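For this chain, numbers begin at 1 and follow the sequence in order. What you see is a predicted model; the values in this text were computed from it and never measured.
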Amino acid sequence: MRVLLVTHDHPFRGRSGVASYCADLLTELRGRGHEVACLYSAERDWTFRPHLRTSVERGVQILGLVNSPVPPALSVDRPEQDGSDPRLERLFTRCLKTVRPDIVHVHAFQGFVGTVVPLARGAGCPVVVTLHDFWALCARMLLVRPDGAPCEGPNGGVNCARFCADRHRSRRRLYRRLLALLPPGSVRFWVERAGSAYVRSASRDPWTPPVSSDGGVRADLAGAYGGRAARLLASLREAHRILAVSRFVAEVYRRHGVAADRLEVLPLGLRISDEVRWRLREASPPVRFGYLGRLVPHKGAHVLAQAAYGIPPERARFLFFGPAAHEARAYLQRLAGGRPLEFYGPYRREDLPRILQEIDVAVVPTLFQETAGLTALEPQAAGIPVIASATGAIPEWVQDGENGLLFPPGDAAALRDRLLRITEEPAIVARLSAKTKRPQSIRAHVERLLAIYDACLAQRRAFHV
């Protein structure tokens, strides 16, 4: 079987959870003797001309859609761009002719257009779509308003126009456009530095979200955003199978018109389940609380820093694993007051088994509605209980008082209460650890996925008989 994965980030170089999953999926499929290729859209170079770049990495045919004419960073400004684009459609058709896949499996529409699904179908390829996010509904992808409040959906574009349509000054729009179009390198580095300096000079705290204001609704903007969602949902419905990474994601799309019988929940498979040994965790002072992932506002690292304030170092350590700017580390340390925080910087996927041996409890203080919540799943593979925000799909994996503790998103006082419960009675860690569940392995996940591929191919054969 020849499988083409379509995604946004490079599977082996991207830092997103979707990129990591796609890398594991490609590796597992190839290990089972299937031919695999991956088309991704995040690449940019100085030609500024949309084109395909082909290479082979780790035995996988990689096709980069370079200089996508529909960069996702500009979708908030140009919602109509995501419906169709002749240049991109020609390149996607060329990719299909080059790879000649039996199955097209779409994992991200960012950098592509909705018409890739009907184009693949028109070429005779069954299409499977895995919903990792809310891109078809939200140009911001997360269904979250600028102030961090959850959004119930586009509502025909009215909510998008009211809360998210860009009302910033032209310099802000220009800055966003530059970042969307510039390739990696020194020029982009200095543009980012200039943007950071401007934010500091304007005395704006990037960790505090702006207050959403109801700026009224322009009919043309509402129509543009509403049309975007309608076109992308219509394209999505043309897929042969639609998979959701969690019950939460499936329910959101069901509320927006995707029939329940078209949605199948297939949780992601994790390589870490095969790489670490589950063991009962026991803790003693100081309890080691670990944060895994980028130190950015929407991930809630600052909520953990605030919650750590006043907890004595002899009772708890707070370990942060993930990339962070110097300013972010300094800011988090200020929030924690005099007690030290420990920053260990970026880590590779290969480092995760070692990191999981260095913490007693994982903390996931995310502020937005997680669609999968990998950082709440991965620690459980090693028997590590999780303290997490009760938002999105996280309650599907973390049951309060069973295998972890939940708290309201953004509530530092409630998080501090959970931290103190554990520092005052470390034996709680063992009780929670005993109920942790190993996430589905990538091997078991691929078994289920191959059955879906086979059903799609059988349906195509039956149609042509």
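For the pair Val429 and Ile422, the minimum side-chain heavy-atom distance is below 4.5 Å. Inter-residue side-chain proximity for Phe92 and Leu65 is flagged as unmet; no heavy-atom pair is nearer than 4.5 Å. Residues Tyr344 and Leu319 form a side-chain contact, since some pair of their non-hydrogen atoms from C-beta on lies under 4.5 Å apart. Looking at heavy atoms from C-beta onward, Asn159 lies out of side-chain contact with Tyr225 at the 4.5 angstrom threshold. Residues Leu131 and Ile242 meet the side-chain proximity criterion, which asks for heavy atoms closer than 4.5 Å. Contact of the Phe248 side chain with the Ile394 side chain is not registered, since no non-hydrogen atoms from C-beta on lie closer than 4.5 Å. When side chains are defined from C-beta on, Cys22 does not count as touching His8, because their heavy atoms never get closer than 4.5 Å. Side-chain contact between Phe134 and Val249: present, with at least one pair of heavy atoms (C-beta onward) separated by less than 4.5 Å.
Residue pairs that meet the ring-ring contact (aromatic ring centres under 6.0 Å, His included) test with at least one member in residues 412-449, sequence neighbours left out, are Tyr21-His445.
With respect to the salt-bridge test (charged N to carboxylate O, under 4.0 angstrom), the residues Arg228 and Glu80 do not qualify. Between Arg349 and Asp24 there is a salt bridge, since a side-chain N of the basic residue sits under 4.0 Å from a carboxylate O of the acidic one. Between Glu425 and Arg421, no side-chain nitrogen of the basic residue sits less than 4.0 Å from a carboxylate oxygen of the acidic one, so the salt-bridge criterion is not met. Between Glu370 and Lys299, at least one side-chain N (NZ, or NE/NH1/NH2) sits under 4.0 Å from a carboxylate O, which counts as a salt bridge. With respect to Glu152 and Arg145, a salt bridge is recorded, a charged nitrogen being found less than 4.0 Å from a carboxylate O.
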field: Residue pair Phe318, Val363: steps toward the side chain to side chain contact (heavy atoms under 4.5 Å, CB included) verdict
entry: CA-CA 10 Å; Phe318 295 92; Val363 184; 5.9 Å; no
query: What's the verdict on side chain to side chain donor-acceptor pair (under 3.5 Å) for His298 and Thr366, showing C-alpha distance, side-chain angles and the deciding distance?
result: CA-CA 6 Å; His298 68 274; Thr366 182; over 6 Å; no
Step-by-step side chain to side chain contact (heavy atoms under 4.5 Å, CB included) determination, Val129 to Leu236: CA-CA 8 Å; Val129 175; Leu236 175 63; 3.6 Å; yes
query: What do the steps show when you test Val117 against Val104 for side chain to side chain contact (heavy atoms under 4.5 Å, CB included), and what is the final call?
result: CA-CA 9 Å; Val117 175; Val104 174; over 6 Å; no
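Of the possible donor and acceptor atoms, none in the side chain of Thr371 sits under 3.5 Å from a partner among the backbone N and O of Asp133. Here the side chain of Thr436 pairs no donor or acceptor atom with the backbone of Leu432 at under 3.5 angstrom. Side chain of His34 to backbone of Leu29: no donor-acceptor contact under 3.5 angstrom is found. Without hydrogens or angle criteria, Gln399 side chain to Glu396 main chain gives a donor-acceptor distance under 3.5 Å. Side-chain N or O atoms of Ser68 include one that pairs as donor or acceptor with a backbone N or O of Gly111 at under 3.5 Å. In terms of modelled atom types and a separation under 3.5 Å, the side chain of Arg162 and the main chain of Ala222 share no donor-acceptor contact. Arg317 contributes no side-chain N or O that, together with a main-chain N or O of Phe289, makes up a donor-acceptor pair within less than 3.5 Å. Between the side chain of Asp360 and the backbone N or O of Arg288 there is at least one donor-acceptor pair closer than 3.5 Å. Side chain of Gln81 to main chain of Pro71: a donor-acceptor pair is present (N/O by atom type, distance under 3.5 Å, no hydrogens or angles). In this structure, Thr423 contributes its side chain and Leu420 its backbone to a donor-acceptor pair below 3.5 Å.
Distance check: Thr27 OG1 to Ile442 CD1 gives 9.0 Å after rounding to the nearest 0.5 Å. Phe343 CZ to Leu295 CG: the interatomic distance, rounded to the nearest 0.5 Å, is 6.5 Å. Between the OG1 atom in Thr375 and the CG atom in Leu292 there is a gap of 7.0 Å [rounded to 0.5 Å]. Between Tyr253 atom OH and Leu263 atom CG the span is 9.5 Å, to the nearest 0.5 Å. Remark: Ser84 OG to Leu119 CG distance equals 10.0 Å, nearest 0.5 Å. One finds the CD atom of Glu264 at 9.5 Å from the OG1 atom of Thr130 (value rounded to the nearest 0.5 Å).
Gln110 and Ser41 are not linked by any side-chain donor-acceptor pair at a separation below 3.5 angstrom, with hydrogens and angles left out of the test. For the residue pair Tyr331/Gln333, the side-chain donor-acceptor check at 3.5 Å is not satisfied.
Judged as a side chain to side chain contact (heavy atoms under 4.5 Å, CB included), and not counting sequence neighbours, the contacts of Cys38 are Leu5, Thr7, Pro11, Leu26, Ile62. In this view, Asp102 and Met1, Arg2, Leu457, Arg460 satisfy the side chain to side chain contact (heavy atoms under 4.5 Å, CB included) rule, not counting sequence neighbours. Applying the side chain to side chain contact (heavy atoms under 4.5 Å, CB included) test to Arg443 and every residue at least two apart in sequence or in another chain returns Glu28, Arg32, Asp274, Ser441. Residues passing the side chain to side chain contact (heavy atoms under 4.5 Å, CB included) test with Ala455, sequence neighbours excluded: Arg241.
Nearest heavy atom pair, residue Arg418 against residue Pro408, reads NH2-CD, 4.4 Å. Between Leu415 and Pro365 the shortest heavy-atom distance is CD2-CB, 4.4 Å. The two residues Ser246 and Val265 have their closest heavy-atom pair at C-CG1, 3.8 Å.
Taking a 6.0 Å sphere around CZ of Arg315, one finds it holds more than 12 heavy atoms contributed by other residues, nucleotides or ligands. Enclosure of atom CZ in Arg30 is not indicated, since only 12 or fewer non-hydrogen atoms of other residues, nucleotides or ligands lie within 6.0 angstrom. Heavy atoms of other residues, nucleotides or ligands lying less than 6.0 angstrom from CZ of Arg294 number 12 at most. In Arg247, the CZ atom is not crowded: 12 or fewer heavy atoms of neighbouring residues, nucleotides or ligands sit closer than 6.0 Å.
Relative ring orientation between Tyr40 and His10 is described as perpendicular, the plane-to-plane angle rising above 60° on a 0-90° scale split at 30° and 60°.
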Using atom types as modelled, flag every donor-acceptor pair under 3.5 Å from a side chain in residues 376-386 to any protein atom, sequence neighbours excluded.
| residue | atom | partner | partner atom | Å |
| --- | --- | --- | --- | --- |
| Gln380 | OE1 | Asn403 | ND2 | 2.9 |
| Gln380 | OE1 | Lys437 | N | 3.3 |
| Gln380 | NE2 | Ala376 | O | 3.0 |
| Gln380 | NE2 | Trp397 | O | 3.1 |

